[in-house]
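All values reported here derive from a predicted model rather than from experimental measurement.
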Amino acid sequence: MKPLQIILITLILTGCSQYFYQPMRTSQSRLGAESLQHKTLRSLPEPEEQIVVAVYKFKDQTGQYKDTELGTSWSTAVTQGATSILLRALEESNWFVPIEREGLNNLLNERKIIRSSRSGYEANEDNQPLIPPLLFGGILLEGGVISFDSNLMTGGAGARYFGTGASGQYRVDRITIYLRAISTSNGRILKTVYTSKTILSQQVDVGIFKFVDFQRLLEAETGFTYNEPSEMAVREAIEKAVISLVIEGAIDGLWKFKNPEDLNHEVVSTYQAEKKQNVITDVFGASAEPRRTNLSLGLHAGGWYYAGDYEGSKLFPGGGASVQLYSNRPIALNLSVGYGTVGTQDSYQADLLLSEITANYRWFPKLQSTPYLRLGLGSAFEIKNNLDGEQSATTFSKTYPFAVAELGYEYLLKDRLGLTAGATYRYGLKDDLDRQEQGNYNDALWEWKVGLNYYLQRARNKKE
């Protein structure tokens, strides 16, 4: 391959990356970017009357420091300015009148300076206006950033062939916000809300290290890294908490909308639907509702590959059916049968009928897609075909016990129909499947298959 072709392939692989966002020059200051929740915050229905609230400290309560490649640094993992973010969110909602309490000492000192300055003008003392009293909050807001879960999910993939390859990695962190409203008249906690936001970091690398000619080495690297700003994540979680506080309080009658009909407002309806869905949503944002019932029927087809004492093994077709009985999710009892051909091209071939009893474990039974592991025991019955021009009789000649291990994946196409794909390994408990007893290992069978599972009834949705 010519060097120019290799360079073109590299550019194509990375053509959709962050190249168009590379900073080629310094930029001017701009207004801060808004979060995805800001539009909803500004769309809240108008209040009957704005609420005066006080926020003394809305701080980072995690105590965590930022992780680096060299270890832990002294920089905190979460912004220490969450109070300022909350005050802006309260102001932007048009529901609250936030009053200064975080810098209360500075405010009181400044008022003392004003009084002292005015008292110096004794001649005009009678004409000096009095300093108006400070506003007091009817509601006190407390809470903070409760947790920062780093490396909640990590992963990646990569491949390299003759010095050319690419790789990608990602990491998901998570922050959690709690916000509570307290009545200053009696200290009662009126409402507590809880929100969370994930923080995504990802890295993509592409590189070439290849001799394209004698004493001519081509080496090229490219890639990008994206880190979602943690401050934006904190701001979005806080704004979501303010939205939740307004709507929850209006539903409970703590405060009222200007128009009573706004209880059916689009923002309120959307929030209530989200809250209902949240009951069956897991920490990763996937809908974890009952999807699979206690009984299913399955069909599968694929290829069988013999691993035994004869060389020259060949892939032959095979298939089967299964019944799964759930007693206690996520473990199921699996009863299955199969039929197929195993052997080599010339030396050995046999038709086998399989019967198996196994336990099927699904990692995520409430999700739409899940990996699964199947373990158990089974038997293979060899079928002899007596050929004399035509097939005459079929008889069962011998039984071979084996252990079964299967790793696969299931994806629900519809409520009752699942698509499966997996690889099965069957290891014989004795070494005479091919009528030969040689080597250190018993005869074994591999099977690669795809299939369908049909669940006989619709799963109950607990959110109803």
Side-chain polar contacts of residues 140-149 - donor-acceptor pairs under 3.5 angstrom, sequence neighbours left out - could you list them?
residue : atom : partner : partner atom : Å
Ser147  : OG   : Thr176  : OG1          : 3.0
Asp149  : OD2  : Arg174  : NH1          : 3.4

Take Ile243 and Leu41 through the test side chain to side chain contact (heavy atoms under 4.5 Å, CB included) and record every step on the way to the result. CA-CA 6 Å; Ile243 294 171; Leu41 185 69; 3.7 Å; yes
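- Annotation for Lys59: atom NZ does not count as buried by contact number, only 12 or fewer foreign heavy atoms lying within 6.0 Å.
- With sequence neighbours excluded, the residues that form a salt bridge (Lys or Arg N to Asp or Glu O under 4.0 Å) with Glu447 are Arg426.
- Qualifying salt bridge (Lys or Arg N to Asp or Glu O under 4.0 Å) partners for Glu92, counting only residues two or more places apart in sequence or in other chains: Arg42.
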Glu382 vs Leu352, side chain to side chain contact (heavy atoms under 4.5 Å, CB included): CA-CA, chis, key distance, verdict: CA-CA 5 Å; Glu382 181 180 326; Leu352 299 181; 4.0 Å; yes
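- Checked options Val404, Leu335, Leu377; the residue passing with Glu356 is Val404 (criterion: side-chain contact (heavy atoms from CB on, under 4.5 Å)).
- Below 30°, between 30° and 60°, or above 60°: for Trp446 and Trp448 the angle between ring planes is below 30°, a parallel geometry.
- For Glu228, the side chain to side chain donor-acceptor pair (under 3.5 Å) partners are Lys197, not counting sequence neighbours.
- For Ser201 and Asn227, the side-chain atoms include at least one donor-acceptor pair closer than 3.5 Å.
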CA sep, side-chain torsions, deciding dist, call: Leu295, Leu325, side chain to side chain contact (heavy atoms under 4.5 Å, CB included): CA-CA 5 Å; Leu295 180 61; Leu325 302 171; 3.1 Å; yes
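- Checked by atom type and distance alone, the side chain of Asp351 never pairs as donor or acceptor with a backbone atom of Thr341 at under 3.5 Å.
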Could you walk me through whether Ile85 and Thr79 pass the side chain to side chain contact (heavy atoms under 4.5 Å, CB included) test, one step at a time? CA-CA 10 Å; Ile85 298 175; Thr79 176; 4.2 Å; yes
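- With sequence neighbours excluded, no residue satisfies salt bridge (Lys or Arg N to Asp or Glu O under 4.0 Å) with Asp262.
- Checked against side chain to side chain donor-acceptor pair (under 3.5 Å), Gln80 has the following partners two or more places apart in sequence or in another chain: Asp60, Thr76.
- Taking the salt bridge (Lys or Arg N to Asp or Glu O under 4.0 Å) definition, one finds that Lys430 meets it with nothing, sequence neighbours left out.
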Pair Tyr455, Gln324 - check side chain to side chain donor-acceptor pair (under 3.5 Å), show working. CA-CA 9 Å; Tyr455 295 89; Gln324 294 189 61; 5.3 Å; no
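- Remark: Ile251 CD1 to Phe257 CZ distance equals 7.5 Å, nearest 0.5 Å.
- Applying the salt bridge (Lys or Arg N to Asp or Glu O under 4.0 Å) test to residues at least two apart or on different chains, none of the pairs has a partner in residues 150-161.
- Sorted by first and then second residue, the salt bridge (Lys or Arg N to Asp or Glu O under 4.0 Å) pairs involving residues 93-102 (not counting sequence neighbours) are Lys57-Glu102.
- Residues satisfying the side-chain contact (heavy atoms from CB on, under 4.5 Å) criterion with Tyr427, sequence neighbours excluded, are Tyr425, Tyr441, Asn442, Ala444.
- Among pairs with a residue in residues 26-41, those fulfilling salt bridge (Lys or Arg N to Asp or Glu O under 4.0 Å) read Glu34-Arg88, Glu34-Arg235, at least two apart in sequence or across chains.
- Surrounding CD of Glu46 are at most 12 heavy atoms belonging to other residues, nucleotides or ligands under 6.0 Å away.
- Ser230 is linked by a side-chain contact (heavy atoms from CB on, under 4.5 Å) to Ile199, counting only residues two or more places apart in sequence or in another chain.
- When only modelled atom types and interatomic distance are considered, Thr344 and Tyr306 share no side-chain donor-acceptor pair under 3.5 Å.
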